[in-house]
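Reckoned from all heavy atoms, side chains included, excluding hydrogens, waters and symmetry mates. Read the numbers this way: they start at 1 and go in the same order the structure lists the ligands and their atoms.
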Amino acid sequence: PEAPVGPVPPPPGMSHGYFQHGGITFPGLLYSPRGLEAARDFPVHDDDVFNVTYQKSGTVWMLEILSLIRCDGDPRWCRSVPNWERGPWLETLLGLRRARGAPRPRLISSHLPVQLFPTAFFSSKAKVIYTVRNPKDVLVSLYHFARIFRPYKDPGSLEQFLEQFLQGDVPFGSWFDHVRGWMGLRGRENFFCISYEELQQDLRGSVERLCVFLGRRLSAAALDAVVANASFAAMSRNRMSNFSLSPLFILDLRRGPFLRKGISGDWKNHLTPEQSSRFDRVYRERMAGLGVTFPWDPP
Ligand code: A3P
């Protein structure tokens, strides 16, 4: 899957056009200004649970965990319904329609930056779970993803893509702005932030904390079942979670899997020491004054 490949030509009738909405770049395939406006106006219920991330930070992993918690660890829902129906993506028109009609309590996924999120959320009791990941790993994961996700432009070389990522010149905008924006909700009762790295280090403990936030009590056996069924191996085998049912014009899995490596620190296999230092400099500048320590921050 990691063999070098050439640019992906758009399928007939599709273009790789991007558009801007609220200062953020979106691909023209799957997304539209109308859809984003409708997402902003989305009617939120107090029992909604939103799975929010900057892309490639563990969205589908968290979605699997939340799906399993909802079913007390019983994997039948996860094994019979594709993840994009269990926790539809709010910012696509199709996802929005699915979210509107989903049985309550609804699970809804989103990569939207906080300023484009449904306005109604901010005066509701609905819950947001925000998953963050080491941005160097996000960069590497996004680089590979951009080669298989047809709405995205081919990322070119990693060197070029690194610059675009650091400048926020990528779909869904800057990682730094996204994280800073959502971190502004820290301290709210209905906001829970967790990192991909914490999920990696202690999945069971993370699930327990999520259950407390969600007001769910799971037995030890149910917790074990959540952990077992949300593992990288179990999800890679599950056709409802590994995107093998996704149409080719959206995702070209011939060029690599969606569930690619599922590890922390893969950036070390991709970035040169110079690229890593450049990243660190921009990171320090852009995250200055935030007052939050992440697992990847130096002590
Ligand atoms: P890699 O490309 O580094 O492998 P998102 O769902 O936000 O698009 O994020 C995708 C990333 O999460 C991919 O990272 C994918 O492999 C990883 N991932 C998904 N499920 C996982 C799991 N159960 N355990 C570990 N990583 C997982």
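Below 3.5 Å of separation, one finds an N or O of Arg260 facing an N or O of ligand 1. For ligand 1, the polar-atom distance check against Ser57 finds a nitrogen or oxygen pair separated by under 3.5 Å. Taking distance alone, with nitrogen or oxygen atoms compared against 3.5 Å, Lys261 approaches ligand 1 more closely than that limit.
In Gln201, the CD atom is not crowded: 12 or fewer heavy atoms of neighbouring residues, nucleotides or ligands sit closer than 6.0 Å. More than 12 heavy-atom neighbours from other residues, nucleotides or ligands sit within 6.0 angstrom of CZ on Arg209. The environment of CD in Glu189 is sparse: at most 12 heavy-atom neighbours from other residues, nucleotides or ligands sit within 6.0 Å.
Relative to the six-membered ring of Phe258, Lys56 meets both conditions, a distance below 6.0 Å and an angle of at most 45° to the axis. Relative to the six-membered ring of Tyr18, Lys153 meets both conditions, a distance below 6.0 Å and an angle of at most 45° to the axis.
Using a 4.0 Å cut-off between heavy atoms, Ser141 contacts ligand 1 through both its backbone and its side chain.
Ligand 1 lies less than 4.0 angstrom from a heavy atom belonging to Met235. In this structure, Phe145 does not count as a contact residue of ligand 1, since none of its heavy atoms falls inside 4.0 Å of the ligand. Using a 4.0 angstrom heavy-atom cutoff, Arg133 counts as in contact with ligand 1.
In this structure, the ring of Tyr152 has its center no less than 6.0 angstrom from the ring center of Phe172.
Protein heavy atom closest to atom 17 (C) of ligand 1, with residue, atom name and distance, is Tyr196 OH, 3.8 Å. Among protein heavy atoms, the minimum distance from atom 6 (O) of ligand 1 is reached at Val60 N, 2.9 Å. Closest to atom 7 (O) of ligand 1 among all protein heavy atoms lies Thr59 OG1, 2.4 Å. Atom 23 (N) of ligand 1 has Ala230 O, 3.0 Å as its closest protein atom, hydrogens excluded (heavy atom only). Considering only non-hydrogen protein atoms, atom 8 (O) of ligand 1 sits nearest to Lys56 NZ, 2.9 Å. Atom 20 (N) of ligand 1 has its closest protein heavy atom at Leu259 CD2, 3.3 Å.
Rounded to the nearest 0.5 angstrom, Asp280 CG and Tyr283 OH are separated by 9.5 Å.
The pair Arg104-Asp48 fails the salt-bridge criterion, with no side-chain N (NZ, NE, NH1 or NH2) lying under 4.0 Å from an Asp/Glu carboxylate O.
Side-chain N or O atoms of Tyr54 include none that pairs as donor or acceptor with a backbone N or O of Ser174 at under 3.5 Å. Judged by distance alone, with hydrogens and angles left aside, the side-chain atoms of Asn51 form a donor-acceptor pair with the main-chain N or O of Thr59 at under 3.5 Å.
Near Ser231, the atoms of ligand 1 lying under 4.0 angstrom from a non-hydrogen atom of the residue are 23 (N). Atoms of ligand 1 found under 4.0 Å from any heavy atom of Gly58, numbered from 1 in the order shown, are 5 (P), 6 (O), 7 (O), 9 (O).
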